[in-house]
A.B. asks: 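After the structure tokens below, expect a handful of questions from me.
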Protein chains: 2
Amino acid sequence: MQGQEILPAIAAHLLDSARANGGKAPSERDLAEHFSVSRGQVREALAILESMQVIERRAKSGIYVNTDKSGFEAMAFFARAGIPLENRQIYEAVEVRKIHEIKAAELAAVRATEEDFERLQDVLERSEQRIAAGEGIDALDQEFHLQIVRATQNTLFLSICTSFYELGRQRLEVYFRDPDRNRKSHEEHKQIYEALVKRDAALTSALMVSHLRGVMSYWTELLEPHAPGS
Amino acid sequence: MQGQEILPAIAAHLLDSARANGGKAPSERDLAEHFSVSRGQVREALAILESMQVIERRAKSGIYVNTDKSGFEAMAFFARAGIPLENRQIYEAVEVRKIHEIKAAELAAVRATEEDFERLQDVLERSEQRIAAGEGIDALDQEFHLQIVRATQNTLFLSICTSFYELGRQRLEVYFRDPDRNRKSHEEHKQIYEALVKRDAALTSALMVSHLRGVMSYWTELLEPHAPGS
DNA sequence: AACAAATTCTGGTTAGACCAGATTGCTGCA
DNA sequence: TGCAGCAATCTGGTCTAACCAGAATTTGTT
């Protein structure tokens, strides 16, 4: 075990220990020994964890895990670290993604530049090629949606949405193993693109709504019911 | 200079150096000497910065600043560090906040629990007291809006919005120095609350739109025009 | 001027040490 | 027995001093 790869391991270990110990985590020295790395390494990981508000380091006392804050910082971290989210978190992420993308489509219709259109068209062309070759378009689907967000010209908006995409990567891969789904998605993308070029905000938004309904239902139907009606 | 307080200082230094040096930042050893701290301290700060994708550390080569990614991670960091945002970032944050809150109002109308209503009412009562005492309600305004987001029962949503509020705290304080604005805001809050209790999603959302228009225009009218039409 | 070799520089990582509060546990008095 | 008070221990915070190996730069040679 070495390098920054220990971060998720340490995080998981911290969470477990804290759960079994009322929020209190092992000491830095224990962690270093447990993972066979230097204390410096551990401290770097802990600094990141603390910056994400996953833990709290109290001088001369110990490390405490914020068990209650299942918030965005924590999620962003787990997404990066590749630790699977719980059902509830997935529901929440799906809902938030919907909210963002529908609005993004609306804004993009008004603000998209020529370069944005070119980038979108490029994505569509590459999708077509992959479909023709019988391959999945999961990565390109992601790219298409992100390009639309990018076309809002709001970099903050883009960053938020980028984070969400990390969450769904695995599921997306499975989703696009079905050739029919690939074609259907691609067709809908093309429609959205055309509405976008016409700068018809209402239509673009509406198309995005129905497009997401299909994709998202795949996500959620695999889960236990958890979120309140939506 | 000591402790985690060096993080913003290092970040600012990195940004400046990188700008004057084509993305390349000083070495860890130089930074340590410059700030009179140990290399370990610098490395902890760099680890956080890297986790936020503000910089990139290339082994045996150097530290590179992601000048293009003025994204969410960077913003979250700057918000925490207390470094003022640039106009563009403020515009983006305002827009994103609008998007979130309007949708939040809509969802909250459907999902709010009895506890949510109680919490909101409590905020309104305390607001009334402060106004009667001739004080500003800036912190309570924030609380009101966050409670509405909380009423969506989506913790991820709440976390995102909480981040945004950090950005506007200073401006909000100035805004609520005017007694008239305090009263106006409070009245609008009460209307929103009543629509919420009636579980009228459309009305709640509409009221939130007009409420935000007033508050937000104060923010943006102080800035240079920058964002595309909205 | 072009290429090769030597040297310097850089991030990555470790080990060991010291500080000063927070904690813990023991001791002795009541 | 119970509790106050003190001492040993533990903990995060910080620093110094190295070593490694590859990247980057300089030097030397042809």
Side-chain angles (χ1 to χ4, degrees), chain A residues 1-11 13-67 69 80-81, chain B residues 1-67 69 73 80-81:
Chain A
M1 186 92 63
Q2 53 156 340
Q4 284 297 19
E5 304 141 24
I6 54 163
L7 212 168
I10 287 186
H13 190 68
L14 246 43
L15 251 47
D16 288 343
S17 316
R19 247 194 284 272
N21 213 343
K24 183 77 176 285
S27 73
E28 296 180 350
R29 289 168 177 85
D30 285 348
L31 289 169
E33 190 179 8
H34 183 277
F35 290 104
S36 303
V37 294
S38 69
R39 215 181 130 205
Q41 285 284 85
V42 172
R43 279 190 64 80
E44 268 194 58
L46 294 180
I48 294 174
L49 256 21
E50 189 178 40
S51 82
M52 292 173 173
Q53 301 182 30
V54 175
I55 62 166
E56 189 182 328
R57 292 189 285 181
R58 286 183 211 151
K60 292 124 196 181
S61 171
I63 301 162
Y64 301 84
V65 178
N66 288 148
T67 46
K69 288 194 184 172
R80 252 179 248 132
Chain B
M1 187 90 61
Q2 53 158 335
Q4 284 296 19
E5 303 142 24
I6 55 164
L7 211 169
I10 287 186
H13 189 69
L14 247 43
L15 251 47
D16 289 341
S17 318
R19 245 193 286 272
N21 214 343
K24 182 77 176 286
S27 72
E28 295 180 350
R29 290 169 177 86
D30 285 347
L31 288 170
E33 191 179 6
H34 183 277
F35 290 102
S36 302
V37 294
S38 71
R39 217 181 129 203
Q41 286 286 83
V42 172
R43 279 189 63 80
E44 269 193 57
L46 294 179
I48 294 174
L49 256 20
E50 189 178 42
S51 83
M52 293 173 172
Q53 301 182 30
V54 175
I55 61 165
E56 190 182 328
R57 292 189 285 181
R58 286 184 211 150
K60 292 128 199 179
S61 171
I63 301 162
Y64 301 83
V65 177
N66 288 146
T67 47
K69 287 192 185 173
E73 317 289 347
R80 252 180 250 131

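Chain letters run A, B, ... following the sequence lines, proteins first, then strands; residues in each count from 1.
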A.B. asks: Is A:R57 close enough to D:dG13 that one of its side-chain N or O atoms is under 4.0 Å from OP1 or OP2 there?
C.D. replies: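 Looking at the OP1 and OP2 atoms of D:dG13, one of them is under 4.0 Å from a side-chain N or O of A:R57.
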A.B. asks: Can you measure B:L14 atom CG to C:dG11 atom P for me and round it to whole angstrom units?
C.D. replies: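 Answer to the nearest Å: 10 Å.
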A.B. asks: Report the nucleotide, chosen from C:dT23, D:dG12, D:dC15, that has the shortest atom-to-atom distance to any side-chain atom of A:S61.
C.D. replies: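 For A:S61, the side-chain atoms sit closest to C:dT23.
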A.B. asks: Among A:I10, A:L15, A:I63, which residue meets the side chain to side chain contact (heavy atoms under 4.5 Å, CB included) test with A:I55?
C.D. replies: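 Answer to the side chain to side chain contact (heavy atoms under 4.5 Å, CB included) test with A:I55 among A:I10, A:L15, A:I63: A:I63.
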A.B. asks: On DNA chain C, compare the nucleotides closest to B:K24 and A:A59; which residue's is nearer the 5' end?
C.D. replies: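 Between the two, 5'-proximity favours B:K24.
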A.B. asks: Roughly how many Å is it from CZ in B:F35 to P in D:dC15, rounded to a whole number?
C.D. replies: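 Atom CZ in B:F35 sits about 13 Å away from atom P in D:dC15.
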A.B. asks: Can you give me the closest heavy-atom contact between B:K24 and B:G62, atom names plus distance?
C.D. replies: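 That would be CE-CA, 3.9 Å.
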A.B. asks: Between atom CD in B:E33 and atom P in D:dT16, what is the gap in whole Å?
C.D. replies: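 After rounding, the gap between these two atoms is 11 Å.
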A.B. asks: What is the distance, to the nearest angstrom, from the CD atom on B:E44 to the P atom on D:dG13?
C.D. replies: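 The answer, rounded to whole Å, is 7 Å.
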A.B. asks: Who passes side-chain hydrogen bond (donor to acceptor under 3.5 Å, both in side chains) against B:E33, sequence neighbours left out?
C.D. replies: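 With neighbours one apart ignored, the set is empty.
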A.B. asks: Where the side chain of B:E28 is concerned, which of C:dG12, D:dA24, D:dC15 is the nearest nucleotide?
C.D. replies: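 Per side-chain heavy atoms of B:E28, the pick is C:dG12.
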A.B. asks: Taking atom CZ of B:R29 and atom CZ of B:R39, what is their separation to the nearest 0.5 Å?
C.D. replies: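 It is 4.0 Å, given to the nearest 0.5 Å.
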A.B. asks: Please work out if A:G62 contacts a base, only the sugar-phosphate, or nothing of the nucleic acid, heavy-atom cut-off 4.0 Å.
C.D. replies: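 Sugar-phosphate, no base atom in range.
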A.B. asks: Counting the atoms with a prime plus P, OP1 and OP2 as sugar-phosphate, which does B:L46 contact under 4.0 Å by heavy atoms, base, sugar-phosphate, or nothing?
C.D. replies: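 Here B:L46 touches no strand at all.
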A.B. asks: Rounded to whole Å, please give me the gap between CD in A:E56 and P in C:dA22.
C.D. replies: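 Answer to the nearest Å: 14 Å.
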A.B. asks: So does A:S38 get a side-chain nitrogen or oxygen closer than 4.0 Å to the phosphate oxygens (OP1/OP2) of C:dA15?
C.D. replies: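 No, A:S38 has no side-chain N/O under 4.0 Å of OP1/OP2 on C:dA15.
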A.B. asks: Is A:R43 near enough to D:dG12 that one of its side-chain N or O atoms lies under 4.0 angstrom from OP1 or OP2?
C.D. replies: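 For D:dG12, neither OP1 nor OP2 has a side-chain N or O of A:R43 closer than 4.0 Å.
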A.B. asks: Cation-pi check for A:Y64 against A:R57: NZ or CZ below 6.0 Å from the six-membered ring centre and within 45 degrees of the axis, yes or no?
C.D. replies: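 Here A:R57 fails the 6.0 Å and 45° test against A:Y64.
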A.B. asks: Heavy atoms from C-beta onward define the side chain here; which of D:dG13, C:dT13, C:dT10 lies closest to that of B:S27?
C.D. replies: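 Nucleotide nearest to B:S27's side chain: C:dT10.
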A.B. asks: Give the minimum heavy-atom separation between B:A18 and B:V65, together with the two atoms involved.
C.D. replies: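 Scanning both residues completely, I find the closest heavy atoms to be CB-CG2, 3.3 Å.
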A.B. asks: If I take atom CD in residue B:E50 and atom P in nucleotide C:dG12, what distance separates them, rounded to the nearest angstrom?
C.D. replies: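 So the CD-P distance, B:E50 to C:dG12, works out to 7 Å.
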A.B. asks: Shorter than 3.5 Å, N or O on both sides, protein versus nucleotides 18-20 of chain D: list them out with atom names.
C.D. replies:
from: D:dA18; atom 1: N6; to: B:R39; atom 2: NH1; distance (Å): 3.4

A.B. asks: Which is more 5' along DNA chain C, the nucleotide nearest A:R58 or the one nearest A:G40? Just name the residue.
C.D. replies: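 The residue whose closest nucleotide sits nearer the 5' end is A:G40.
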A.B. asks: Expressed in angstrom and rounded to an integer, what is the separation of B:Y64 atom OH from C:dC9 atom P?
C.D. replies: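 Atom-to-atom, B:Y64 to C:dC9, this comes out as 16 Å.
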A.B. asks: Where do B:S51 and B:I48 come nearest, in terms of heavy atoms and distance?
C.D. replies: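 Minimum heavy-atom separation between B:S51 and B:I48: OG-O, 2.7 Å.
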A.B. asks: First locate atom CG of B:L46, then atom CD of B:E56, and finally report the distance between them rounded to the nearest 0.5 Å.
C.D. replies: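 With rounding to 0.5 Å, CG (B:L46) is 13.0 Å from CD (B:E56).
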A.B. asks: Just the rounded figure in Å: distance from P of C:dT13 to CD1 of A:I10.
C.D. replies: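 Rounding to the nearest Å, CD1 of A:I10 and P of C:dT13 are 12 Å apart.
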